[in-house]
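One structure is given below, encoded as structure tokens.
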Amino acid sequence: MVVIKIGRGATQRIIWILALLILAGGLTVAFFHLRDKIFPSTTFELNDELGGNIFPSLILSTATTDTLIVAPTEKGTLGNPKSGISIQITSPVKDARLHVEVAETPFFKRSVSEFILPEEGKAYTVYPDILWNYDALRNNTQAEPITVSVEVQIKDGEASQRVRTFSVRSINECLIGYNDKKNRFHNTGVLFAAYVNEDSPLIDKILREEKGDNKNGKSKNIQDNRFMGYQNKRKDYVDKQVYALWNVLQRRKFRYSSISYSSLSSNVVYSQRVRTLEDALASSQINCVDGSVLFASLLRAINIDPILVRIPGHMYVGYYTDRNHSQANFLETTMIGDIDLDDFFPEEKLDSTSEGKSQEEMSRLTFEKSKEYAHRKYSADSARIHTLPRQYMFLEISKALRRKIQPLGK
């Protein structure tokens, strides 16, 4: 064994060296702690509530209203949740000044937002400004991936950047529900109202077609050649107006088309493909949802209050027969295409020797059968329609609803 003797002076020098090292280490820790206070970390996450999906129909239909369809799951939010894209960040200091830049994409412009994070150590969900390109959203007819780049800086610290790919869905995809981050389901079927477009200029053309359906330029289907909504007090007048709309769509040769698929595959969001009014009129094709929102658009345009009724796998349209909403009738719009009026005699060619039915008789027959069929469906499902909102829907397209959900337009 080797023993090394150290004198008293050397021992003191070693003690002093150790003390200085400890002090230096403490100063280093203090320095980095102070640095983090002065130049805080900007670690953050880029997030959203819809599993990386952006729905143009949601953005456009609520852009001018105060309606919040998709609410934040977390507490402690800053900014406008309607922007859809958020960052999650913990404030490193009290009253931290947060600077957020969102880079430009084909669907929104570059934006800069500033926030104050009041509490040190608190986690915040922050929604920066998104300057949407509404025309690009409205014209997007197929799901498109976009790269969203967000840069964040706190005080004078170094900026951090996050990049994430989102999917901008088609304008024809209606968000009908989603599961939040706590796996709670939220029904958003109210967004079907966005596809009811009573303001479309194409509706005037349809109404003119109905009014000019005979040689005198006057309608055979409605009195005085006018759509008056609930103004006429005659009990059957509302039905006469509704039948006039039914007849003009049949003369346009609308056909049933079952296209309702969506490329969306997700356990977070659920959507339904819906043709806009303009698409339906251009193609003369409708499924149950398309036909219901198209007919509801026409009803709203002539001041008759429509109802969208959804049951599992199907939708049909209803309408109130009086201003007080004391009674409603229902229509199975897919039956519009059950017949081709060209297969029957035009009214002016019928005489006493003709056999078979006229176009008017067949159109009226399918209208009445449609009402009977839809009424049976409603009677059978009425209790569930009004008590099971996840699978069923009874949506009145009213003035009050229009203050929340606006038509998409084109």
Side-chain angles (χ1 to χ4, degrees), residues 40-134 136-137 140 145-155 157 159-169 175 177-182 184 186 188 190-191 194 266 268-269 404-406:
S41 170
T42 51
T43 301
F44 71 98
E45 294 181 10
L46 184 55
N47 217 332
D48 78 307
E49 292 284 341
L50 298 178
N53 294 285
I54 296 171
F55 286 85
S57 56
L58 168 62
I59 296 166
L60 290 166
S61 63
T62 59
T64 59
T65 73
D66 295 328
T67 305
L68 182 61
I69 298 293
V70 180
T73 304
E74 300 87 355
K75 297 179 180 179
T77 61
L78 299 172
N80 183 2
K82 286 171 67 175
S83 70
I85 298 172
S86 66
I87 65 170
Q88 290 182 305
I89 189 168
T90 299
S91 179
V93 294
K94 185 177 183 297
D95 293 329
R97 187 174 72 250
L98 177 66
H99 177 91
V100 183
E101 292 189 27
V102 181
E104 184 172 358
T105 74
F107 294 96
F108 50 79
K109 298 179 181 178
R110 173 183 174 272
S111 70
V112 176
S113 307
E114 299 277 352
F115 301 91
I116 298 296
L117 309 181
E119 298 183 35
E120 179 180 354
K122 181 176 179 178
Y124 289 92
T125 299
V126 181
Y127 291 87
D129 294 329
I130 303 295
L131 306 179
W132 296 106
N133 180 340
Y134 294 120
L137 293 172
N140 195 56
I146 61 168
T147 299
V148 176
S149 176
V150 177
E151 187 175 277
V152 167
Q153 185 178 29
I154 291 182
K155 283 191 175 181
S160 294
Q161 185 183 51
R162 294 288 183 275
V163 175
R164 184 181 172 192
T165 300
F166 285 76
S167 177
V168 180
R169 309 308 304 177
L175 177 69
Y178 71 97
N179 293 318
D180 66 20
K181 294 172 184 175
K182 296 182 179 179
R184 297 172 301 191
H186 299 264
T188 59
V190 68
L191 290 172
S266 172
V268 176
V269 295
K404 300 177 181 179
I405 306 295
Q406 288 286 296

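Start at 1 with the first residue, then count along the sequence.
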Seminar exercise, completed: Rounded to the nearest 0.5 Å, the CZ atom of F44 sits from the CD1 atom of I154 at a distance of 10.0 Å
Exercise. Are I54 and W132 side-chain neighbours, meaning at least one heavy-atom pair lies under 4.5 Å?
Worked result: yes
Problem set entry | Nearest non-hydrogen partners of A71 and Y178, listed with the distance | N-OH, 3.5 Å
For this session: Tell me, please, which residues at least two apart from K122 pass side chain to side chain contact (heavy atoms under 4.5 Å, CB included).
Result: E119, Y124
Taking distance alone, no hydrogens or angles, what donor-acceptor pairs closer than 3.5 Å link side-chain atoms of residues 93-107 to residues at least two apart or in another chain?
{"unit_1": "H99", "atom_1": "ND1", "unit_2": "E114", "atom_2": "OE2", "d": "2.5"}
{"unit_1": "H99", "atom_1": "NE2", "unit_2": "E101", "atom_2": "OE2", "d": "2.9"}
{"unit_1": "E101", "atom_1": "OE1", "unit_2": "R110", "atom_2": "NH2", "d": "3.1"}
{"unit_1": "T105", "atom_1": "OG1", "unit_2": "F107", "atom_2": "N", "d": "3.1"}
{"unit_1": "T105", "atom_1": "OG1", "unit_2": "F108", "atom_2": "N", "d": "3.2"}

Problem set entry | Expected output: side-chain N140 to main-chain R169 donor-acceptor under 3.5 Å | yes
For this session: Could you go through the side-chain contact (heavy atoms from CB on, under 4.5 Å) check for I59 and I130 one step at a time?
Result: CA-CA 11 Å; I59 296 166; I130 303 295; over 6 Å; no
For this session: Taking all non-hydrogen atoms of both residues into account, name the closest pair between R162 and T43 and its distance.
Result: NH2-CG2, 4.1 Å
Seminar exercise, completed: Closest non-hydrogen atoms of A194 and I405, given as atom of the first, atom of the second and distance, are N-CG2, 3.7 Å
Seminar exercise, completed: Value for OG (S61) from CD (Q406), rounded to nearest 0.5 Å, stands at 8.5 Å
Exercise. If only atom types and distance count, is the side chain of S113 paired as donor or acceptor with the main-chain N or O of P128 below 3.5 Å?
Worked result: no
Problem set entry | Close side-chain approach of L58 to L50, heavy-atom, < 4.5 Å | yes
Exercise. Between NZ of K181 and CG of D48, what distance do you get to the nearest 0.5 Å?
Worked result: 7.0 Å
Exercise. Quick one: does L78's side chain get under 4.5 Å of L117's, heavy atoms only?
Worked result: yes
Exercise. Atom CG of N179 and atom OG1 of T73: how far apart are they, to the nearest 0.5 Å?
Worked result: 10.5 Å
Problem set entry | Closest heavy-atom pair and its distance - Q161, S149 | NE2-OG, 2.9 Å
For this session: Inspect the surroundings of NZ in K82 and state if more than 12 heavy atoms from other residues, nucleotides or ligands are less than 6.0 Å away.
Result: yes
Problem set entry | With sequence neighbours excluded, residues passing salt bridge (charged side-chain N to carboxylate O under 4.0 Å, His left out) with D180 | R184
Problem set entry | Side-chain touch V163/T147, heavy atoms, less than 4.5 angstrom | yes
Seminar exercise, completed: Nearest heavy-atom approach of Y127 to S86 is CE2-CB, 3.5 Å
For this session: Might you point out which heavy atoms bring S266 and V269 nearest each other, and give the distance in Å?
Result: OG-N, 3.3 Å
Seminar exercise, completed: OG1 of T62 to CG of L191, rounded to nearest 0.5 Å, is 7.5 Å
Problem set entry | Straight-line distance of R164 CZ to E45 CD, nearest 0.5 Å | 10.0 Å
Exercise. Checking side-chain contact (heavy atoms from CB on, under 4.5 Å) for the pair H186/I69: CA distance, chi angles, key distance, verdict?
Worked result: CA-CA 9 Å; H186 299 264; I69 298 293; over 6 Å; no
Exercise. Would you say the side-chain atoms of T188 pair up with the backbone N or O of L175, donor to acceptor, closer than 3.5 Å?
Worked result: yes
Exercise. Under the 3.5 angstrom rule, does the side chain of Q88 hit a backbone N or O of A123 as a donor-acceptor pair?
Worked result: no
